[in-house]
Each structure stands twice: as C-alpha cells, then as structure tokens.
There are 2 protein chains.
Amino acid sequence: MPINPAPRAYQIVLQAIEEDLRTEKLSLGDQLPGERALAEQHGISRASVRDAIRILDVMGIIKTSTGSGPNSGAVIVSNPAAGISQALRLHLAAKGINVREIVESRILLETWAAQMTPRDPIQAQQVIERTAVLIMRMDDAQLSRESFHRIDAEFHVLLASMAGNAVVESMMESLRNSISDYVAASIPDDESWQPVVKVLRRQHKAIHHAFATGHRERAAQLLEEHITWFYSQTH
Amino acid sequence: MPINPAPRAYQIVLQAIEEDLRTEKLSLGDQLPGERALAEQHGISRASVRDAIRILDVMGIIKTSTGSGPNSGAVIVSNPAAGISQALRLHLAAKGINVREIVESRILLETWAAQMTPRDPIQAQQVIERTAVLIMRMDDAQLSRESFHRIDAEFHVLLASMAGNAVVESMMESLRNSISDYVAASIPDDESWQPVVKVLRRQHKAIHHAFATGHRERAAQLLEEHITWFYSQTH
DNA sequence: CTGCATAGTATGGTCAGACCACACTCTGAA
DNA sequence: TTCAGAGTGTGGTCTGACCATACTATGCAG
C-alpha cells in the first residue's frame with residue numbers, strides 16, 4: 001500500500017513558490033522567473049510549470065502579462081478575493097451552496113465588521129469620508145446600473161475594511177461577487193430597478209450616518225435590514 | 001479603447017461547464033466529457049482545455065483520475081473548502097493575510113454557528129451523538145498527534161454544520177486548514193504537546209456538554225475561549 | 001548631440017502531436 | 001464458468017513550435 005496518491009508535477013513549482021513567499025524571497029511587486037526558467041530549474045516541462053502559474057493566477061496571487069520588461073511576466077499581486085470569489089461562484093453554479101447561505105454569511109460578516117472597534121481610528125475616519133463621496137456619486141441619476149453596482153460594492157467593502165481584517169473583507173467581497181450575476185438577472189428591466197435604487201440610496205445614507213455618528217450597533221442593524229431587503233427584491 | 005482584456009481560451013470551456021452546472025446539465029457524480037472531446041467541441045487545443053480542468057480541480061468542483069470506466073476522468077464532486085483553503089493558504093504565505101485575522105474570523109464563524117438555531121433538529125441530534133464518539137476517540141492516549149488534529153478538525157466542522165450553512169462550514173474548514181502547518185510548526189515536540197492536548201480534551205468535553213444540554217450561548221463562549229487559548233499556545 | 005523609427009529579444013498564450021501509466025472492458029482459451 | 005491477456009480510453013507529462021506583445025538596444029537622420 002504505497003502512500004503515493006499521484007504527486008502532480010505542477011506541485012513542485014507551486015510548493016517552491018509558496019515557500020519563497022513564506023520566506024519573503026518573493027514579495028509584492030516582484031517578478032517570477034520566466035516559465036522556461038522555472039521549468040529548467042525544477043526539471044519539469046513548461047506545460048507543468050504553466051499549471052502552477054495558472055493556479056497562482058486564478059487564486060489572485062499573481063497577474064500575468066505578455067511582453068518583456070519590468071512589468072511583464074508573472075508579477076506578485078495580492079487579491080485574496082479573486083480566488084475565493086471564483087470558488088464560491090463555481091460552487092454556487094454546482095449547487096454545492098445556495099443563495100440563502102451566501103446572503104446569511106454576508107450579513108454575518110458585515111454586521112460583525114460594523115460592530116468591531118476600528119483597529120485604526122485614523123483610517124476609520126478616512127473611510128467615513130470616502131464613503132460619503134461614494135454616496136454622492138450614487139446619487140447621480142445618469143449613473144448606469146452597472147456603475148451603481150460597482151460603487152455600491154465599493155461602499156460595502158470600504159465599510160467592512162474598518163474592522164482591519166483582510167480575511168473578512170475578502171470573503172465579504174467574494175460573497176458579493178459570487179451572486180452579482182444572479183442579482184442582475186433577477187431585476188432585468190430598468191423600470192423595476194428605478195424604485196429599488198431609490199430605497200438603496202436612502203438606506204446607504206442611513207447606514208453612513210450611523211457610522212459617522214458612532215452608532216455602530218445601529219449601523220449593523222441597518223446593514224442587516226439593507227441586505228435582507230435587497231435580496232427580498234430578487235425573488 | 002477596445003474592451004479586449006485578453007480573452008483566455010480556457011475561459012470558453014470554463015464558462016460552458018459553469019453554465020452546464022447552473023442548468024443542471026451536469027450535476028454531482030457526473031463525468032465530464034474527455035479532454036480531447038472538449039477540445040474538439042470548443043475548437044481549442046487540449047492544453048487550453050486542461051487549464052480549465054485544472055482550475056475546476058483546485059477549486060474542488062471536480063476530481064480527476066486516470067484510467068477508463070465510470071469512475072475515471074473528471075467527475076463532479078463538491079468540495080467548496082478545497083478552493084477556499086488553497087486561496088487562504090497561498091495568501092497567508094504571500095503575507096496578504098495574517099494568522100490573527102484567520103483566528104479572529106474562525107471565532108466569528110464558529111460562535112455564530114454555535115448560537116444559530118439548528119435548521120434541522122434531527123440532524124443536530126445526530127451531530128451531538130457523532131461528536132461524542134469523536135471525543136472518545138480523542139481520549140485515546142495512543143493516538144498520533146496527526147490523527148488527533150484530524151479528529152479535532154472533524155469535531156469543529158461537525159458542530160458548525162448544525163447551522164446548516166455550507167458557506168460558513170466551508171470557510172471554517174478552510175481557515176483551519178490554511179494554518180494547520182503553522183500550528184504544527186509552532187508546537188514541534190511531543191513533550192510540549194502533551195500538556196496542551198490534556199487541556200484541549202477538557203475543553204472539547206465542556207463544549208460538547210454545553211451543546212448537548214442546549215446551552216448554545218455558553219457553548220459559543222467556550223468555543224471562543226478554546227480557540228483563543230489554543231492559538232495563544234502557538235506563540 | 002538629440003529624436004525617433006526600427007530590429008532584436010524575452011515574455012506569456014496557444015497549439016499540435018506524442019508517449020506514458022493506469023483502470024476498466026472485452027475476448028477467448030482453459 | 002473462470003480468468004489471464006489484449007484492447008481501449010482516460011488524464012499526466014513532455015517536446016517543440018509559432019504567435020502577439022512590450023520592452024530594449026541600435027543606428028540613422030536631423
């Protein structure tokens with residue numbers, strides 16, 4: 001009974017890169033060696049190296065681009081939400097999870113983040129100011145629905161960032177991403193969208209006001225109502 | 001300004017499979033068409049198809065195996081924790097997130113799950129019974145440390161499963177997985193491990209007792225203390 | 001010397017074709 | 001009926017090639 005569950009070739013490279021990240025031999029902004037170089041270094045084919053690169057890519061660890069020079073090739077970025085979003089999205093499609101669970105989780109994370117004492121009060125103040133700007137931009141009647149959703153997402157993520165927990169922030173963003181298509185599909189026409197967006201604007205302002213005046217529990221409660229109400233509109 | 005952010009070939013097949021999952025043309029246990037067939041269907045090379053397959057694999061949507069027959073090839077499974085674990089793990093290595101954030105998130109999710117009214121009381125009762133068995137198994141003094149950790153993980157995931165939220169369950173499992181190496185490395189020798197495991201056993205029993213007697217808030221509190229204490233041991 | 005078109009070079013993206021180990025399925029002999 | 005062995009299809013890996021791209025170095029023209 002060999003303990004040999006088929007070691008994949010790409011894992012050699014993957015583990016090597018993970019180790020380099022851990023020991024900070026590689027860090028944000030660095031370029032990875034070229035695929036051909038990695039293949040030679042580890043004694044495997046470029047095809048297998050590409051498997052590892054692809055995984056790092058979809059996980060949001062690196063971004064790749066063609067060409068040469070300092071900004072080409074595989075560069076270390078840090079986008080934890082990318083990988084989690086993709087995973088949630090696929091499992092939502094595969095029926096491994098459902099929308100109720102995602103909304104429930106989102107409420108959990110956002111209300112928690114709202115009630116947390118900010119780790120960095122200065123940053124928290126900046127968030128208050130920046131979200132105020134976002135609210136103004138969402139007031140623009142000319143704004144496309146797509147843009148509204150984008151700013152809306154930014155609003156929520158920004159508020160959650162006050163808690164100073166990148167895991168919660170990424171998961172929250174991922175939860176939202178994973179069901180964005182679903183939401184867009186359930187309110188198809190602009191006619192039914194108009195009354196919804198009016199309510200959303202009002203709710204955002206109330207939430208922001210609660211935050212700005214330091215009523216965190218109230219803000220959490222409003223957030224829960226906001227999210228619950230919105231998804232009740234998509235049924 | 002073309003809206004052409006380099007459409008990757010593998011996304012063709014990825015989106016097609018995602019759509020088939022959404023419409024349940026593909027569901028749990030089904031086999032995907034062979035890589036060569038998919039390549040021909042979509043007019044791309046097998047290499048590009050393999051990119052998509054690899055992504056579905058690491059995301060925990062499918063498992064692949066060689067050979068022929070009904071259990072070979074790419075089969076739809078559902079392991080949401082796999083993709084999320086991998087993402088968290090890599091971002092932990094890349095310093096995009098840190099251990100404090102992971103522990104904090106884990107406490108959030110587990111205490112929430114503990115306080116939730118079970119969606120399925122019958123299943124909840126089964127969980128109580130099954131966790132009791134796990135606690136007994138963890139009492140075995142002969143148990144290897146590795147086995148202990150495995151059963152310990154199962155204990156926590158099982159308790160969280162009572163809440164009936166696959167997203168929370170998967171995230172919890174992923175958070176735990178992502179730092180398991182870190183934990184193992186910080187308590188290297190069996191000598192320092194022995195007193196720790198004694199406390200863990202006691203805590204597990206107290207948590208289980210609180211659950212079994214319906215004291216959910218007490219259980220949540222004990223869970224928080226349990227997790228906090230354990231990670232305080234790894235510094 | 002400066003400015004700029006051009007050739008050179010290295011990158012990831014894609015493709016085609018090959019071989020392997022494996023696991024099942026079919027076949028035919030005992 | 002049994003079962004060893006050939007057959008077939010699977011993913012895993014490798015090789016080598018070509019492409020578009022983006023930077024870099026060259027060298028000509030002013």
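Predicted, not measured: the structure shown is a model, and the values here were computed from it. Residue numbers begin at 1 in each chain, while the letters A, B, ... track the order of the sequences.
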Using the test side-chain contact (heavy atoms from CB on, under 4.5 Å), find all partners of Ser180(B) that sit at least two apart in sequence or belong to another chain.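 Ser180(B) satisfies side-chain contact (heavy atoms from CB on, under 4.5 Å) with no other residue.
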Considering all heavy atoms, the nearest [X]-[Y] contact:
X	Y	result
Pro70(A)	Gln31(A)	O-CD, 3.4 Å
Ala9(B)	Ser48(B)	CB-OG, 3.6 Å
Ala81(A)	Ser174(A)	O-OG, 3.1 Å
Ile102(A)	Ser178(A)	CD1-OG, 3.4 Å
Ser78(A)	Gly96(B)	OG-CA, 3.6 Å

With a 4.0 Å heavy-atom cut-off, tell me which residues in residues 34-49 of chain A come close to DNA chain C, sorted by residue number.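 Output list: Gly34(A), Glu35(A), Arg36(A), Arg46(A).
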Nearest-Å distance, [atom1] ([X]) to [atom2] ([N])?
X	N	atom1	atom2	value
Ile62(B)	dT10(D)	CD1	P	14 Å
Arg50(B)	dT15(D)	CZ	C1'	15 Å
Ile53(B)	dG12(D)	CD1	C1'	13 Å
Asp51(A)	dG11(D)	CG	P	14 Å
Asp57(B)	dG11(D)	CG	P	12 Å

Extract all donor-acceptor atom pairs below 3.5 Å that involve side chains of residues 53-68 of chain A and protein atoms in other chains or at least two apart in sequence.
unit_1   : atom_1 : unit_2   : atom_2 : d
Arg54(A) : NH1    : Asp51(B) : OD2    : 2.8
Thr64(A) : OG1    : Arg8(B)  : NH2    : 3.4
Ser65(A) : OG     : Asn71(A) : O      : 3.3

For residues 151-159 of chain B, dump all side-chain donor-acceptor pairs below 3.5 Å to protein atoms at least two apart in sequence or in another chain.
unit_1    : atom_1 : unit_2    : atom_2 : d
Asp152(B) : OD1    : His156(B) : NE2    : 3.3
Asp152(B) : OD1    : His204(B) : NE2    : 3.0
Asp152(B) : OD2    : Arg176(B) : NH2    : 3.0
His156(B) : ND1    : Glu110(B) : OE1    : 2.9
His156(B) : NE2    : His226(B) : NE2    : 3.1

For the NE2 atom of His42(B) and the CG atom of Leu14(B), what is their distance to the nearest 0.5 Å?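 It is 10.5 Å, given to the nearest 0.5 Å.
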Might you confirm whether atom CZ of Arg46(B) has over 12 heavy atoms from other residues, nucleotides or ligands at distances under 6.0 Å?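 Correct, the count exceeds 12.
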More than 12 heavy atoms from other groups under 6.0 Å of CZ on Arg145(B):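 Yes, CZ of Arg145(B) has more than 12 neighbouring heavy atoms, counting only those of other groups under 6.0 Å.
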Pairs under 3.5 Å (N/O, protein and nucleotides 6-9 of chain D):
unit_1 : atom_1 : unit_2   : atom_2 : d
dG9(D) : N2     : Ser68(B) : N      : 3.3

With a cut-off of less than 4.0 Å, is there a side-chain N or O of Thr64(B) near OP1 or OP2 of dG12(D)?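 Yes, such a contact exists.
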Reading DNA chain C from 5' to 3', where do the contacts with chain B start and stop? Cut-off is 4.0 Å to heavy atoms.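 Footprint of chain B along DNA chain C, 5' to 3': dG13(C) to dT25(C).
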